[in-house]
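So the structure is just underneath, and the comments pick up after that.
Just follow the structure's listing: the first ligand is 1, and inside any ligand the first atom is 1.
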Amino acid sequence: MVKALLDEGHSVATLDNLSKGHHKAVLGGEFIQGDLGDPSLLKQIFSTRKIDCVMHFAAFIEVGESVQDPLKYYVNNSGKTLELLSSMKKHGVDKFILSSTAAVYGEPEKTPIEECQPQIPVNPYGRSKQFLEAVLQDCREAYGIRSTCLRYFNAAGADASGLIGEDHNPESHLIPIVLQVALEQRKKISIFGTDYPTPDGTCLRDYVHVTDLVQAHLLAAEQLMDGDQGGIYNLGCQQGFSVRQIIEMARKVTGKSIPEIESPRRPGDAAVLVASSQMARSELCWSPKYEDPEEIVATAWKWHQAHPNGYDDKV
Ligand SMILES: NC(=O)c1ccc[n+]([C@@H]2O[C@H](COP(=O)([O-])OP(=O)(O)OC[C@H]3O[C@@H](n4cnc5c(N)ncnc54)[C@H](O)[C@@H]3O)[C@@H](O)[C@H]2O)c1
């Protein structure tokens, strides 16, 4: 996001406490190491810069951990965002974009999922974001803080430059884990559940490239800058690919055998999560460039090959 904003000629300040992220992933602009929930730091940031729009990505993202330790998620994802919004209100900053998630839907009634479907998240991570969406609605009405919530489906891939990619600890996303098997950093890829009501019995997910997510943020920011009230949009490619299909694509892209092992289902995994992203396409004029997941895997492979130890490698 920072790279794209700088390419478009914007000034960018990034706030991250580096609890999970990497300074090296921020390729320019100003970097402030600090916590989202620190009111004095926020006061200093907002009072010394003219900020047009806040894009809020910071969160904890491990669904399983959110079940084990829900307060960690409610405090960090929800509570600290309230500090951010309070500070924005005090300093008259009125445009906000939230990284929301498909997890707000829980087990969907039908697919593809439209934004108007019931939101019944099945874990604290999803609820921590659902709460924020409601808070943003209230802040729009009460204080005129206009906002857009972007509900990402499965974010994947790496910047085409090969300079920025995925490096989570622990890694829980399918594509990086499969590629770690290709790099022989793991022995096998576990397939959790092979008896789902899907064509090959494994879960179907909608993979959306990070560059396309970035593009959606640029469009959402433009919409807010034009005076729009903002909205809520799903971001996905409207196609489901199974775990087995992704593993097969990774074999093709990497030329490696990638051993797999069938494991039991994990609690809370929906069989099919596929977006309808018609609203983002029509209202934001969003048009994802990476609709073929094999290309998404290829961009991720470029990053993982060049950075087998993630950002610990010299960039
Ligand atoms: N990765 C996905 O598939 C996916 C899907 C849907 C939504 N999202 C959302 O997108 C956003 C980014 O996800 P990601 O995969 O890049 O995760 P990430 O862990 O790589 O990035 C989150 C960043 O937030 C920072 N952070 C966390 N708490 C903070 C705090 N209190 N103060 C300051 N910085 C803090 C971390 O250090 C990290 O750099 C998150 O809000 C996540 O919920 C991600």
Using the six-membered ring wherever Trp is involved, compare the ring planes of Tyr105 and Phe153 and label them parallel, tilted or perpendicular (cut-offs 30° and 60°).
tilted

Under 4.0 Å to a heavy atom of [X] - the qualifying atoms of ligand 1, by number:
X     : answer
Gly21 : 36 (C), 37 (O), 38 (C), 39 (O)
Ser99 : 9 (C), 10 (O), 11 (C), 41 (O)
Lys80 : 31 (N)
Lys20 : 19 (O), 36 (C), 37 (O), 38 (C)
Leu18 : 37 (O)
Asp35 : 30 (C), 31 (N), 32 (N)

If you apply the rule side-chain contact (heavy atoms from CB on, under 4.5 Å), what do you find for Tyr125 with Glu62, and how did you get there?
CA-CA 7 Å; Tyr125 167 69; Glu62 293 296 319; over 6 Å; no

Could you tell me if any non-hydrogen atom of [X] lies under 4.0 Å from any atom of ligand 1?
X      : answer
Gly34  : yes
His173 : yes
Gly37  : no

His173 vs Tyr207, test: ring pair (Phe, Tyr, Trp, His ring centres under 6.0 Å). Steps then yes/no.
CA-CA 11 Å; His173 294 140; Tyr207 294 88; 9.8 Å; no

Check this for me - ligand 1, [X], N or O atoms closer than 3.5 angstrom, yes or no?
X      : result
Lys129 : yes
Ile61  : no
Asn76  : yes
Ser100 : no
Ala155 : yes
His22  : no
Leu36  : yes
Asp16  : yes

Closest non-hydrogen protein atom to atom 15 (O) of ligand 1, residue and atom name please, with distance?
His168 NE2, 3.3 Å

Heavy atom of the protein closest to atom 40 (C) of ligand 1 (residue, atom name, distance)
Phe57 O, 3.0 Å

His217 and its ring-ring contact (aromatic ring centres under 6.0 Å, His included) partner, picked from Tyr233, Tyr152, Phe96:
Tyr152

Is any heavy atom of the protein nearer than 4.0 Å to atom 43 (O) of ligand 1?
yes

Taking the minimum heavy-atom distance to atom 22 (C) of ligand 1, which of Ala102, Ala59, Ala25, Ala103 ranks first?
Ala59

Residue pairs involving residues 86-97 (criterion side chain to side chain donor-acceptor pair (under 3.5 Å); sequence neighbours excluded)
none

Heavy-atom distances under 4.0 Å decide this one: backbone, side chain, both or neither, for Tyr125 against ligand 1?
side chain

